[in-house]
Amino acid sequence: MPHFLCTLLAAENAEDQELLKTASHKDILRIWILDPEKASSAELNNKAEVPSLLSRVLTKEFFNLGQDFIVDSYPITHEYNKQFHAANGYWTVIIYNVSTELILTIYGKPITFQDLFIMDTSYTIEKRLDLSVIKALGYLSLQLASGSNPLIVHHPCSDNSALLLTDFGTFISHDGFITVEELKIVPTEKQQEEEIEVKTAAFLERNILFLIGDSIYIRHAKGFYAQLGNQNNLPEGKIIGLQSRMSCAAAYPVKIIN
């Protein structure tokens, strides 16, 4: 079933920079329509910045039939401006700069094309990292203390997902370590001067907690890291341990006794 694909971009090209001239402290969303059975791998993995050829054609066809959408945001409601770019086959939407996690739900019109209609779609948007910070500080590997034995942290809800923590990097796999991806962090200037030492980690349902030094950091599913502290009912520092759930919350939900 076709649905909307939403991607958050930096204003790096001339077209996007022109859009932002009168939109200080705002971000650009690109939104288009894709058919999961015909989408590119980048689109299916939410890593595409432009639609594939088939998605571009599908989006134009729906737009010509009158397709439009409403973007609903939670917990903060945003006013937004949108524009359709026929040559590129996507809409651009300008929203205020995301300072916290934002849940977007995109509602389309009930229009069908070749017996297809667009499914309402939800996305979670995190605050964008400043690209200038990444270029200045670079990415740093999350490493155990030098000489430490490797540590494997299993996902409580997946037999194939796990973390491998070593003294040269931290790696995640979702297929039983047939393939792996190294997880890295964009450090603060203070962290850049010090050695970033990860001690352990724990899976949440979609996110991951890391104990780095004596503080807890959360890695969101899209790769955004943030330090947790008093606002999350956690101490800022002086934390000595962290442990994943022993069972899956979905399989063993918490029972409420009246």
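The CZ atom of Phe203 lies 5.5 Å from the NE2 atom of His155; values are rounded to the nearest 0.5 Å. Atoms CD1 and CG, on Ile178 and Asn160 in that order, are 7.5 Å from each other to the nearest 0.5 Å. Taking CD from Glu49 and CG from Leu5, the interatomic distance works out to 11.0 Å, rounded to the nearest 0.5 Å. With rounding to the nearest 0.5 angstrom, the CG atom of Leu164 is 5.0 Å from the CZ atom of Phe177. Taken to the nearest 0.5 Å, the CZ atom of Phe62 stands 3.5 Å off from the CD1 atom of Ile118. Rounded to the nearest 0.5 angstrom, Ile152 CD1 and Leu165 CG are separated by 10.0 Å.
Between the side chains of Thr170 and Gln143, no donor-acceptor pair is found at a separation under 3.5 Å. One side chain, His85 or Thr92, offers a donor N or O that lies under 3.5 Å from an acceptor on the other. A donor-acceptor contact under 3.5 angstrom links the side chains of Asp175 and Ser173, judged on distance only.
At distances below 3.5 Å, at least one donor-acceptor pair connects side-chain atoms of Ser40 with backbone N or O atoms of Glu43. Panel note: side chain Asp167, backbone Gly147; a donor-acceptor pair is recorded below 3.5 Å. Looking only at distances, no side-chain donor or acceptor of Lys199 sits under 3.5 Å from a matching main-chain atom of Leu144. For Ser161 (side chain) and Ser158 (main-chain N/O), no donor-acceptor pair under 3.5 Å exists by modelled atom type. No side-chain donor-acceptor contact under 3.5 Å links Asn232 to the backbone of Leu228.
Leu211 and Leu234 fall within the same hydrophobic cluster, where Ile, Leu, Val, Met, Phe, Trp and Tyr residues are linked whenever their side-chain heavy atoms come under 4.5 Å apart, directly or through other members. Grouping the Ile, Leu, Val, Met, Phe, Trp and Tyr side chains by contacts below 4.5 angstrom, directly or via other members, places Leu151 with Phe210.
Heavy-atom neighbours of Leu65 CG from other residues, nucleotides or ligands within 6.0 Å: above the threshold of 12. Other residues, nucleotides and ligands contribute only 12 or fewer heavy atoms inside 6.0 Å of the CG atom of Asn149.
Two residues are said to be in side-chain contact when any heavy atoms from C-beta on lie closer than 4.5 Å; Asp35 and Leu54 fail this criterion. Counting heavy atoms from C-beta on, the side chains of Phe171 and Thr166 come closer than 4.5 Å.
The aromatic ring centroids of Phe69 and Phe4 lie less than 6.0 Å from each other. Checked against a 6.0 Å centroid threshold, the rings of Phe84 and Phe63 count as neighbours.
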